[in-house]
Amino acid sequence: QVQVVESGGGLVQAGDSLRLSCAASGRTFGTYAMAWFRQAPGKDREFVAAIQRAPGRTRYTDSVKGRFTISRDNANNTLYLQMNSLRPEDTAVYYCAASTKAIIGSDLGREARYDSWGQGTQVTVSS
C-alpha cells in the first residue's frame, strides 16, 4: 500500500496563498491517480482536486476553480496543491489520497476510488 504524508498547512488571512505538499512512497508514483480532499468542522469530507497519471488530466470542484492548482512531480514522488486567494470557507483539514489503479475522469471525485490516505494537514483562513 502507498504511504502518503501531507505538509504545508497553517493559519493565513483571507486572500493569502498556501502550497500543500504530499510525499508518497512507491517506485511507480507516476502511475498513481492522486487527489486532495478536505473536511471542514461539522461537515463531510469533500473532493477538492485530482490529477490522473500521465498525461495528468486534472479536475477541480467548482468552488476552487481558478484559485487552486493541483500538480505533481513524478521524479520526487510529490503531489502539490497551490491555493491562492484563500477564503474563510476554505478552512478545513486537507487530505491527500492515492490510487494505484487508473481512475476515469468522471470518478476522480469519488473517495471510494482511492486506496491510500494521509493523516491530513490543517488549513485555517481567518477573515
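Counting begins at 1 with the first residue of the sequence.
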*asked:* If we ignore hydrogens and angles and just use 3.5 Å, is the side chain of T91 paired with the main-chain N or O of V125 as donor and acceptor?
replied: yes
_Within this structure, what is the CD-CG distance for the pair E111 and D44, rounded to the nearest 0.5 Å?_
8.5 Å
*Roughly how far apart are L86 CG and S17 OG, rounded to 0.5 Å?*
6.5 Å
*Identify the heavy atoms of S127 and A14 that sit nearest to each other, and give their distance.*
CA-CB, 4.4 Å
*Indicate yes or no for a side-chain donor-acceptor contact from D16 to the backbone of Q13 under 3.5 Å, with no hydrogens or angles considered.*
yes
*Is there a donor-acceptor pair closer than 3.5 Å between any side-chain N or O of R59 and the backbone N or O of S106?*
yes
*Begin with the C-alpha distance, continue with both residues' side-chain angles, and end with the deciding distance and a verdict on side-chain hydrogen bond (donor to acceptor under 3.5 Å, both in side chains) for D73 and T78.*
CA-CA 5 Å; D73 179 350; T78 305; 5.7 Å; no
*Any donor-acceptor N/O pair, E6 side chain to Q119 backbone, under 3.5 Å*: yes
*Identify the two heavy atoms, one from A92 and one from A40, that lie closest to each other, and give their separation to 0.1 Å.*
CB-N, 3.8 Å
*Please list all pairs passing the disulfide bond (SG atoms under 2.5 Å apart) test where one or both residues lie in residues 83-127, with sequence neighbours left out.*
C22-C96
_Nearest-0.5 Å distance that lies between atom CE in M34 and atom CD1 in I103_ = 10.0 Å
*Listed by chain and number, what are the side-chain hydrogen bond (donor to acceptor under 3.5 Å, both in side chains) partners of R67, not counting sequence neighbours?*
D90
_Minimum heavy-atom distance between L79 and A35, given as atom pair plus value_ = CD2-O, 3.9 Å
_Using a 3.5 Å distance criterion without hydrogens, assess whether the side chain of R72 forms a donor-acceptor pair with backbone atoms of Y32._
yes
*So Q52 and L108, side chain to side chain contact (heavy atoms under 4.5 Å, CB included) or not? Walk me through it.*
CA-CA 8 Å; Q52 291 178 318; L108 284 172; 3.7 Å; yes
*Determine the minimum heavy-atom distance between V2 and A98, stating which atoms define it.*
CG1-CB, 4.3 Å
*At their closest point, which heavy atom of R113 faces which heavy atom of A102, and how far apart are they?*
NH2-O, 3.8 Å
*Using 30° and 60° as the class limits, which term best fits the ring planes of Y94 and F68: parallel, tilted or perpendicular?*
tilted
*Would a line drawn from the ring center of F47 to the ring center of Y60 be shorter than 6.0 Å?*
no
_Point-to-point distance, once rounded to the nearest 0.5 Å, from OG of S63 to CD of E89_ = 8.0 Å
*Worked verdict on D115 versus T100 for side chain to side chain contact (heavy atoms under 4.5 Å, CB included)*: CA-CA 7 Å; D115 43 39; T100 56; 3.4 Å; yes
*Are Y80 and F37 connected, step by step, through hydrophobic side chains (Ile, Leu, Val, Met, Phe, Trp, Tyr) whose heavy atoms are closer than 4.5 Å?*
no
*Would you call the rings of W117 and Y95 parallel, tilted or perpendicular, where under 30° means parallel and over 60° means perpendicular?*
perpendicular
*Roughly how far apart are L81 CG and R38 CZ, rounded to 0.5 Å?*
9.5 Å
*Cluster check F29, W36: I/L/V/M/F/W/Y, side chain < 4.5 angstrom*: yes
*Are V12 and T124 close enough, and set up right, to give a side chain to side chain contact (heavy atoms under 4.5 Å, CB included), and what steps lead you there?*
CA-CA 6 Å; V12 297; T124 303; over 6 Å; no
_Candidate pair L20 and M83, rule side chain to side chain contact (heavy atoms under 4.5 Å, CB included), full reasoning_ = CA-CA 8 Å; L20 304 183; M83 305 186 294; 3.7 Å; yes
*asked:* Using every non-hydrogen atom in the two residues, find where A33 and Y114 come nearest and quote the distance to one decimal.
replied: O-CE2, 4.0 Å
